[in-house]
Protein chains: 2
Amino acid sequence: MAESDEAGGEAAAMEEALRSEGVRLTRQRRAILQVLAEAADHPDAPELHRRVQEADDTVSLATVYRTLSVLETKGVVQRHAFEGAPARFETADAPHHDHIIDLDSREVIEFTSPEIERLQKEIARKHGYDVVSHRLELYCRKRR
Amino acid sequence: MAESDEAGGEAAAMEEALRSEGVRLTRQRRAILQVLAEAADHPDAPELHRRVQEADDTVSLATVYRTLSVLETKGVVQRHAFEGAPARFETADAPHHDHIIDLDSREVIEFTSPEIERLQKEIARKHGYDVVSHRLELYCRKRR
DNA sequence: GTTTGTATTGCAACTCATTCGCAACTGCAG
DNA sequence: CTGCAGTTGCGAATGAGTTGCAATACAAAC
């Protein structure tokens with residue numbers, strides 16, 4: 001069970017990070033962290049809620065939203081608001097990356113491009129700005 | 001009055017485009033097109049509504065939304081949903097471009113980068129995809 | 001011009017994702 | 001163990017945008 005082992009480790013690491021930030025660890029938050037650590041995809045809040053309830057059906061959707069906000073401000077998860085859809089979440093353990101969204105399956109593929117990052121900084125500087133954050137999404141269809 | 005002249009011409013061009021698409025031109029739509037043509041910024045729907053009402057206070061917000069949808073599907077305006085804010089609109093007369101969003105003033109600056117476009121296509125192809133559309137936004141602060 | 005059939009409008013009610021108020025509960029520092 | 005500030009569940013509220021419906025107004029045909 002390599003996957004759940006890793007997920008367990010990841011969840012533990014996130015708990016540690018939160019504890020050191022003074023965030024209280026409740027039963028609900030542990031359950032949510034666990035589900036997030038296990039998720040290989042980019043679930044939205046209701047889907048996360050569904051999965052969490054399989055382990056603990058006392059967790060409310062409001063708490064899922066509230067917890068996601070806390071986790072986001074603590075840098076433990078990332079929120080992505082893709083076009084025309086509710087926000088989706090992923091753990092922030094992987095280094096920065098951008099996304100390809102499959103328009104047919106809604107599947108999300110991650111990619112990085114140091115070259116694009118460099119160009120972005122360059123463009124911003126040319127306009128007198130520093131990049132604080134950016135969003136790059138490619139809405140795609142399978143090539144055939 | 002170079003600006004309003006241009007705006008007049010742009011509004012007329014949009015009307016023409018719509019007429020040829022079989023879109024009925026109402027008083028309300030003309031007023032909205034006029035305001036859009038005059039806008040140098042990227043207003044959101046309520047702001048557009050405010051401006052339209054200065055010329056014709058019978059136009060409702062619902063009609064502004066409905067008209068924007070029509071204009072978008074006809075390719076006459078572009079909708080941009082920047083992070084944490086209602087959608088903003090601009091006429092689709094200019095060629096494709098991406099955006100820098102000033103986090104302090106909320107001002108929007110347009111830019112293009114053929115180089116980034118090229119890299120995007122390349123990355124998508126590498127993953128077996130064709131890019132249908134994309135979104136690239138740089139959230140920035142003035143450099144100092 | 002007048003008629004006419006359909007597209008469009010204004011209004012208010014509705015949706016959807018997300019947030020909030022509040023009383024009850026519970027981690028966890030002491 | 002206690003105490004209490006941080007959390008939770010519930011349902012109500014929010015904000016952006018959409019929609020049903022009856023009234024209206026384009027614009028094509030007379």
Side-chain angles (χ1 to χ4, degrees), chain A residues 11-12 14-35 42-53 55-74 76-89 106, chain B residues 14-36 42-50 52-53 55-74 76-89 106:
Chain A
M14 291 194 283
E15 286 188 16
E16 188 44 46
L18 292 171
R19 188 177 287 112
S20 74
E21 291 260 18
V23 174
R24 205 174 274 187
L25 280 172
T26 63
R27 180 171 40 81
Q28 294 86 333
R29 286 179 177 172
R30 267 186 251 268
I32 293 166
L33 286 171
Q34 187 59 42
V35 170
H42 297 65
D44 58 19
E47 171 61 22
L48 222 34
H49 181 226
R50 231 166 280 128
R51 295 184 196 176
V52 168
Q53 289 208 313
D56 179 347
D57 66 358
T58 72
V59 180
S60 74
L61 180 56
T63 291
V64 170
Y65 276 112
R66 277 188 286 230
T67 300
L68 286 169
S69 293
V70 172
L71 300 184
E72 191 188 7
T73 62
K74 295 305 178 188
V76 169
V77 310
Q78 291 244 307
R79 172 192 307 256
H80 302 293
F82 299 132
E83 280 179 2
R88 298 170 68 168
F89 302 83
R106 288 271 120 195
Chain B
M14 291 194 283
E15 287 189 16
E16 188 44 47
L18 292 171
R19 188 177 287 113
S20 75
E21 290 260 16
V23 174
R24 210 174 269 187
L25 281 173
T26 64
R27 180 171 41 80
Q28 294 84 334
R29 286 179 178 172
R30 265 184 254 267
I32 293 167
L33 287 170
Q34 186 60 42
V35 171
L36 277 168
H42 297 64
D44 59 17
E47 172 59 23
L48 223 35
H49 182 225
R50 232 167 281 129
V52 168
Q53 288 207 313
D56 179 346
D57 66 356
T58 72
V59 180
S60 73
L61 181 56
T63 291
V64 170
Y65 276 115
R66 275 190 287 230
T67 299
L68 286 170
S69 292
V70 171
L71 300 185
E72 191 188 7
T73 60
K74 296 305 180 187
V76 168
V77 309
Q78 293 245 306
R79 172 191 310 254
H80 302 294
F82 300 131
E83 279 179 4
R88 298 170 67 169
F89 302 84
R106 288 270 122 195

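Every chain is numbered from 1 and lettered A, B, ... according to where its sequence line falls, protein lines coming before strand lines.
- Checking L61(B) against R29(A), the closest nucleotide of DNA chain D that is more toward the 5' end is the one next to R29(A).
- Computed from coordinates, the D57(A) CG to dC10(D) P distance equals 10 Å when rounded to whole Å.
- For R79(B) and dG17(D), a side-chain-to-base donor-acceptor distance below 3.5 Å is absent, hydrogens and geometry of angles not being considered.
- One atom, OH of Y65(B), and another, P of dT15(C), lie 18 Å apart when rounded to the nearest Å.
- For the residue pair T58(B)/R27(B), the side-chain donor-acceptor check at 3.5 Å is satisfied.
- Atom C1' of nucleotide dG9(D) and atom CD1 of I32(A) are separated by 13 Å, given to the nearest angstrom.
- The side chain of S60(A) lies closest to dG9(D) when the candidates are dC26(D), dG9(D), dT8(D).
- Heavy-atom minimum distance, A45(B) versus L68(B): CB-CD1, 4.2 Å.
- One can place CD of E83(A) at 16 Å from C1' of dA16(D), the figure rounded to the nearest angstrom.
- Between the CD atom of Q28(B) and the C1' atom of dT24(D) there is a distance of 10 Å, rounded to whole Å.
- Whole-Å rounding puts the L18(A) CG to dG27(C) C1' distance at 14 Å.
- Along DNA chain D, the nucleotide closest to V64(A) and the one closest to V23(B) are compared, and the more 5′ of them pairs with V64(A).
- Taking 3.5 Å as the limit, the base of dT6(C) and the side chain of R24(B) contain a donor-acceptor pair of atoms between them.
- Per the geometry, CD belonging to Q53(A) stands 14 Å off P belonging to dT8(D), to the nearest Å.
- Side-chain nitrogen and oxygen atoms of T26(A) include none within less than 4.0 Å of the OP1 or OP2 phosphate oxygen of dT26(C).
- Remark: side-chain polar atoms of R88(A) are paired, donor with acceptor, to backbone N or O of H42(A) under 3.5 angstrom.
- A donor-acceptor contact shorter than 3.5 Å is absent between the side chain of R19(B) and the backbone of L25(B).
- If you take CD of E47(A) and C1' of dC16(C), they are 17 Å apart, rounded to a whole angstrom.
- Applying side chain to side chain contact (heavy atoms under 4.5 Å, CB included) to R29(A) and the options L18(A), V59(A), V23(A) leaves one that passes, V23(A).
- If you check dC28(C), dT8(C), dA27(D) against the side chain of R30(B), the one that comes closest is dA27(D).
- Judged by distance alone, with hydrogens and angles left aside, R66(B) brings a side-chain donor or acceptor within reach of the base of dG10(C), the pair sitting under 3.5 Å.
- Side chain R19(A) to base dG27(C): no donor-acceptor pair is found below 3.5 Å.
- Looking at the side chain of A62(B), the nearest of the listed nucleotides dG21(C), dC11(C), dC28(C) is dC11(C).
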